Amino acid sequence: MKTYKLTAFEKNGEKIVDEAFQAEHDDAAKELAEKLLAEKNLLDKTHRCTSPSGKLLLFHS
């Protein structure tokens with residue numbers, strides 16, 4: 001399992017989510033990140049999900 005990072009921001013730049021989570025691979029991490037954002041009602045906020053190597057898997061501004 002690899003550790004991925006999910007971050008979401010308000011328009012003023014304030015972090016509202018900054019959490020790490022585990023997934024087996026990049027595709028699973030992207031799906032899990034989208035699920036977490038949906039559960040927190042944050043899909044419309046600026047967000048990103050990055051892999052352990054720094055690859056940007058998910059981004060919305």
Side-chain angles (χ1 to χ4, degrees):
M1 296 285 266
K2 298 177 184 176
T3 302
Y4 293 82
K5 185 80 172 210
L6 177 63
T7 313
F9 304 89
E10 290 288 359
K11 290 188 184 246
N12 66 5
E14 176 188 352
K15 281 186 189 176
I16 49 179
V17 171
D18 187 14
E19 57 185 71
F21 64 93
Q22 299 277 316
E24 290 190 32
H25 50 76
D26 291 355
D27 290 334
K30 183 177 177 181
E31 287 179 26
L32 184 54
E34 289 174 334
K35 181 181 175 187
L36 291 169
L37 289 164
E39 287 174 359
K40 296 174 187 279
N41 200 27
L42 297 173
L43 286 171
D44 291 333
K45 299 285 186 181
T46 299
H47 59 265
R48 68 179 175 219
C49 179
T50 56
S51 73
S53 65
K55 182 179 174 184
L56 189 60
L57 303 177
L58 184 64
F59 181 78
H60 174 74
S61 63

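A quick note: this is a predicted structure, and the numbers were derived from the prediction, not measured. Scope of the values below: all heavy atoms of this structure, side chains included, with no hydrogens, waters or symmetry mates.
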- prompt: When rounded to the nearest 0.5 angstrom, what is the spacing between CZ in Phe21 and CG in Leu36?
  reply: 6.5 Å
- request: Evaluate whether atom CD of Glu24 has more than 12 neighbouring non-hydrogen atoms of other residues, nucleotides or ligands under 6.0 angstrom away.
  value: no
task: Using a cut-off of 6.0 Å, state whether more than 12 heavy atoms not belonging to Asp18 lie near its atom CG.
output: yes
statement: By side-chain contact (heavy atoms from CB on, under 4.5 Å), His25 pairs with (sequence neighbours left out) Asp27, Ala28
- request: Can you measure from CD (Gln22) to CG (Leu32) and round to the nearest 0.5 angstrom?
  value: 10.5 Å
query: Does some side-chain heavy atom of Ile16 sit less than 4.5 Å from a side-chain heavy atom of Lys40?
result: no
Heavy-atom pair with the smallest gap, counting every atom of Glu34 and Leu43: O-CD2, 4.0 Å
query: Nearest 0.5 Å, what's the CZ-CG distance between Arg48 and Leu57?
result: 12.0 Å
- line: Minimal heavy-atom distance between Cys49 and Ala29, with the atoms involved, is SG-O, 4.4 Å
message: Would Val17 and His47 count as a side chain to side chain contact (heavy atoms under 4.5 Å, CB included) here? Give the steps.
response: CA-CA 9 Å; Val17 171; His47 59 265; over 6 Å; no
message: Would you compute the distance between atom OG of Ser61 and atom NZ of Lys11 and round it to the nearest 0.5 angstrom?
response: 9.5 Å
task: Any chance you could measure Thr7, atom OG1, to Leu58, atom CG, to the nearest 0.5 Å?
output: 11.0 Å
- request: Step by step, work out the side chain to side chain contact (heavy atoms under 4.5 Å, CB included) result for Lys30 and Tyr4.
  value: CA-CA 9 Å; Lys30 183 177 177 181; Tyr4 293 82; over 6 Å; no
- request: Kindly compute the distance separating NE2 (His60) from CG (Leu42), expressed to the nearest 0.5 Å.
  value: 10.5 Å
